[in-house]
Amino acid sequence: VQLQASGGGLVQAGGSLRLSCAASGRAFGSYALGWFRQSPGKEREFVATIGWSGRNTDYSDSVKGRFAISRDNAKNKVYLQMNSLKPEDTGVYYCAAVEVPPDETWGYLDMARYDYWGQGTLVTVSS
C-alpha cells in the first residue's frame with residue numbers, strides 16, 4: 001500500500017482544514033488507518049484512528065471534539081476534518097495503514113502497529 005497525504009496549508013487559529021490520504025493497492029477495506037502528527041521539536045504523536053469498517057474511531061484527548069476521522073473504502077481514501085484549529089496543532093501530519101483481520105474492528109493508537117506511512121502534509125496554524 002502506498003499512501004499520499006494532501007490538504008495541508010496555512011490557516012488562522014479557529015479555522016478549519018480537511019486532510020485527505022489516498023491509498024493505492026488492493027484490499028483498502030481491510031486496513032485500519034491512523035493520522036499522526038509531528039510538531040516542531042517534538043516526537044510524532046497519535047491524532048486519530050479508524051477501524052476497517054469506519055464504525056469505530058478514537059482520538060487523542062488534545063483533538064477530541066475538534067477533529068473527525070472518516071474513510072471512503074470505495075475511493076480508497078481516509079480524511080481528517082480539523083475544526084477550531086489552534087497554533088499547537090501545527091505540524092506535519094502523516095497517514096498510516098496496517099492490514100487487520102476482520103474481527104479487529106478498531107484502529108491502533110500505537111504508531112509501531114502501522115506498516116505503511118504517507119509522506120506527510122504540513123499544517124501551520126497562525127495565532
Side-chain angles (χ1 to χ4, degrees):
V1 172
Q2 291 186 325
L3 303 172
Q4 180 77 34
S6 62
L10 174 63
V11 63
Q12 288 189 330
S16 298
L17 278 176
R18 189 192 195 205
L19 305 184
S20 297
C21 179
S24 62
R26 61 179 183 86
F28 180 78
S30 64
Y31 285 79
L33 303 165
W35 285 98
F36 295 78
R37 68 185 180 191
Q38 187 161 15
S39 302
K42 296 185 178 181
E43 294 186 350
R44 194 173 300 188
E45 64 176 355
F46 166 76
V47 175
T49 185
I50 188 167
W52 63 265
S53 72
R55 283 199 299 269
N56 295 327
T57 60
D58 204 354
Y59 300 90
S60 69
D61 288 343
S62 63
V63 307
K64 199 170 293 183
R66 299 188 297 121
F67 290 12
I69 187 171
S70 61
R71 65 189 294 164
D72 186 335
N73 287 346
K75 295 183 178 180
N76 281 17
K77 287 190 174 181
V78 60
Y79 306 99
L80 186 68
Q81 178 66 45
M82 306 186 296
N83 300 325
S84 302
L85 282 161
K86 305 175 181 180
E88 51 262 44
D89 294 317
T90 293
V92 178
Y93 283 70
Y94 299 89
C95 55
V98 59
E99 191 168 11
V100 296
D103 60 346
E104 182 57 77
T105 60
W106 289 85
Y108 305 124
L109 281 65
D110 182 359
M111 69 181 74
R113 301 295 297 270
Y114 292 87
D115 294 326
Y116 306 98
W117 291 83
Q119 87 291 357
T121 185
L122 177 62
V123 172
T124 304
V125 184
S126 62
S127 57

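FYI, side chains are in, hydrogens and waters are out, and symmetry mates aren't considered; it's all heavy atoms of this structure.
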Checklist entry - Which side chain to side chain donor-acceptor pair (under 3.5 Å) pairs, counting each pair once, include a residue from residues 1-12, with sequence neighbours left out? => result none
Next on the checklist: Tell me the closest heavy-atom pair linking A32 and G107, and the distance in Å.
Outcome noted: CB-CA, 3.9 Å
Checklist entry - Shortest non-hydrogen contact from Q81 to S16? => result NE2-CB, 4.0 Å
Checklist entry - N56 side chain to G51 main-chain N or O, any donor-acceptor pair under 3.5 Å? => result no
Checklist entry - Within the distance-only criterion (no hydrogens, no angle test), does the side chain of Q119 pair as donor or acceptor with the backbone N or O of A5 below 3.5 angstrom? => result yes
Item to check | Shortest non-hydrogen contact between V100 and W52, atoms and distance | outcome: CG2-CD1, 3.9 Å
Item to check | Side chain T49, main chain Y108, donor-acceptor under 3.5 Å | outcome: yes
Checklist entry - Do D89 and K86 sit within salt-bridge range, that is, some charged N less than 4.0 Å from a carboxylate O? => result no
Checklist entry - With side chains defined as the heavy atoms from C-beta onward, is the minimum distance between R37 and S62 less than 4.5 Å? => result yes
Item to check | Shortest non-hydrogen contact between R44 and M111, atoms and distance | outcome: O-CE, 3.0 Å
Next on the checklist: For K64, is the NZ atom crowded, meaning more than 12 foreign heavy atoms sit under 6.0 Å from it?
Outcome noted: yes
Item to check | From R71 atom CZ to C95 atom SG, the distance as rounded to the nearest 0.5 Å | outcome: 11.5 Å
Checklist outcome for this item: Using a 4.5 Å side-chain heavy-atom cut-off and chaining through intermediate ILVMFWY residues, the residues clustered with L3 come out as V1, V11, L17, L19, F28, Y31, L33, W35, V47, I50, Y59, V63, F67, I69, V78, L80, M82, L85, Y93, Y116, V123, V125
Checklist entry - Rounded to the nearest 0.5 Å, how far does CH2 of W106 lie from CZ of R55? => result 10.5 Å
Checklist entry - What class does the angle between the rings of F36 and W117 fall in, given that below 30° is parallel, 30 to 60° is tilted and above 60° is perpendicular? => result tilted
Checklist outcome for this item: Minimal heavy-atom distance between Y79 and D72, with the atoms involved, is CE1-CB, 4.2 Å
